[in-house]
There are 2 protein chains.
Amino acid sequence: MDTGDRLLTPGEVAALFRVDPKTVTRWAAAGRIGSIRTPGGHRRFRESEVRALLEGEGMLDEADEMGRPRNAGPTASTGPAGPANAGMY
Amino acid sequence: MDTGDRLLTPGEVAALFRVDPKTVTRWAAAGRIGSIRTPGGHRRFRESEVRALLEGEGMLDEADEMGRPRNAGPTASTGPAGPANAGMY
DNA sequence: AAAGACTCGGGTAATTAGGGGC
DNA sequence: TTTGTCCTAATTACCCGAGTCT
């Protein structure tokens, strides 16, 4: 039980999944992802849990996936520093 | 190094290939392209993988594509070979 | 204490998923 | 065999003002 779980903000998780921060909040409200609340009401997510969801660990959907590209993006720049949102409307 | 782990939405990929988002979904369902699912069930595609497909990395004989005679006898190999997966890392 | 950036909450439009048939 | 279009249901994205976190 390594408790080395970094806590991620909704914005961080949203960038990882390429979704809106509000969507991440909905997942927490729906109980699809564990969340910790700060005394002020803001949510925090466990980095280990988020990564498990990204890998699809524990849940295969379609064809088997091999290859395991290590996602080592340290998010130093806080985001793709760019087209975080590709306007398509 | 940046492997380009940006995730694209079905609509983005569809616009890149000039096809319907539904078609992209079928590719994912058929295992021809890797896909990551959000807790809500929506799919996200890796920008690097999509780009490789656009380049034609998955097709080795485009010349044969033109005069392609009827598919008469290649037994459905047990393993679809799964070339979709590019182990170039 | 003050400022900036982010998140919260609700509500509405757009996109996506899945099946069926051409 | 593959793609495009139909439908309904679910999920997601952007709008606002107010509060919280660094």
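To find a chain, count down the sequence lines: A is the first, B the second, and so on, and within it residues start at 1. Values below: all heavy atoms of this structure, side chains included; hydrogens, waters and symmetry mates excluded.
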Self-check item: d(CG, B:Leu8; P, C:dT15) in whole Å
Solution: 16 Å
How long is the straight-line distance from [atom2] of [Y] back to [atom1] of [X], given to the nearest 0.5 Å?
X: A:Arg44; Y: A:Ile36; atom1: CZ; atom2: CD1; result: 10.5 Å
X: B:Thr38; Y: A:Ile33; atom1: OG1; atom2: CD1; result: 11.5 Å
X: A:Glu49; Y: A:Leu7; atom1: CD; atom2: CG; result: 11.0 Å

Heavy-atom pair of closest approach, residues [X] and [Y]:
X: A:Leu16; Y: A:Leu8; result: CD2-CD1, 4.3 Å
X: A:Arg32; Y: B:Gly40; result: NH1-CA, 3.9 Å
X: B:Pro39; Y: A:Leu53; result: CG-CD2, 4.1 Å

Measure all distances between protein nitrogen or oxygen atoms and nitrogen or oxygen atoms of nucleotides 7-9 of chain D, and list the pairs falling under 3.5 Å.
none

Practice problem: State, to the nearest 10°, the angle formed by the axis through the first five base pairs of the helix from C:dA3-D:dT22 to C:dG19-D:dC6 and the axis through its last five. | Solution: 60°
Quiz item: Quick one: ring-ring contact (aromatic ring centres under 6.0 Å, His included) pairs with a partner in residues 35-55 of chain A, sequence neighbours left out?
Solution: none
Exercise. Would you mind listing every ring-ring contact (aromatic ring centres under 6.0 Å, His included) that reaches into residues 10-38 of chain B, with sequence neighbours excluded?
Key: B:Phe17-B:Trp27
Quiz item: Are the charged groups of B:Arg51 and B:Glu55 less than 4.0 angstrom apart, N to O?
Solution: no
Quiz prompt | 4.5 Å side-chain heavy-atom contact, A:Asp5 and A:Glu47 | solution = no
Quiz item: Does A:Arg43 put a side-chain nitrogen or oxygen below 4.0 Å from OP1 or OP2 of C:dG9?
Solution: yes
Exercise. Keeping the roles fixed (side chain from B:Asp20, backbone from B:Lys22), state whether a donor-acceptor pair exists under 3.5 Å.
Key: no
Short N/O separations, protein against nucleotides 18-22 of chain D, under 3.5 angstrom:
from   : atom 1 : to      : atom 2 : distance (Å)
D:dC21 : OP1    : A:Thr38 : OG1    : 3.0
D:dC21 : OP1    : A:Gly40 : N      : 2.9

Quiz item: Contacts to DNA chain C from residues 19-34 of chain A, heavy-atom cutoff under 4.0 Å, which residues?
Solution: A:Lys22, A:Thr25, A:Arg26
Quiz item: Should we say atom CZ of A:Arg37 is surrounded by more than 12 heavy atoms from elsewhere, each under 6.0 Å from it?
Solution: yes
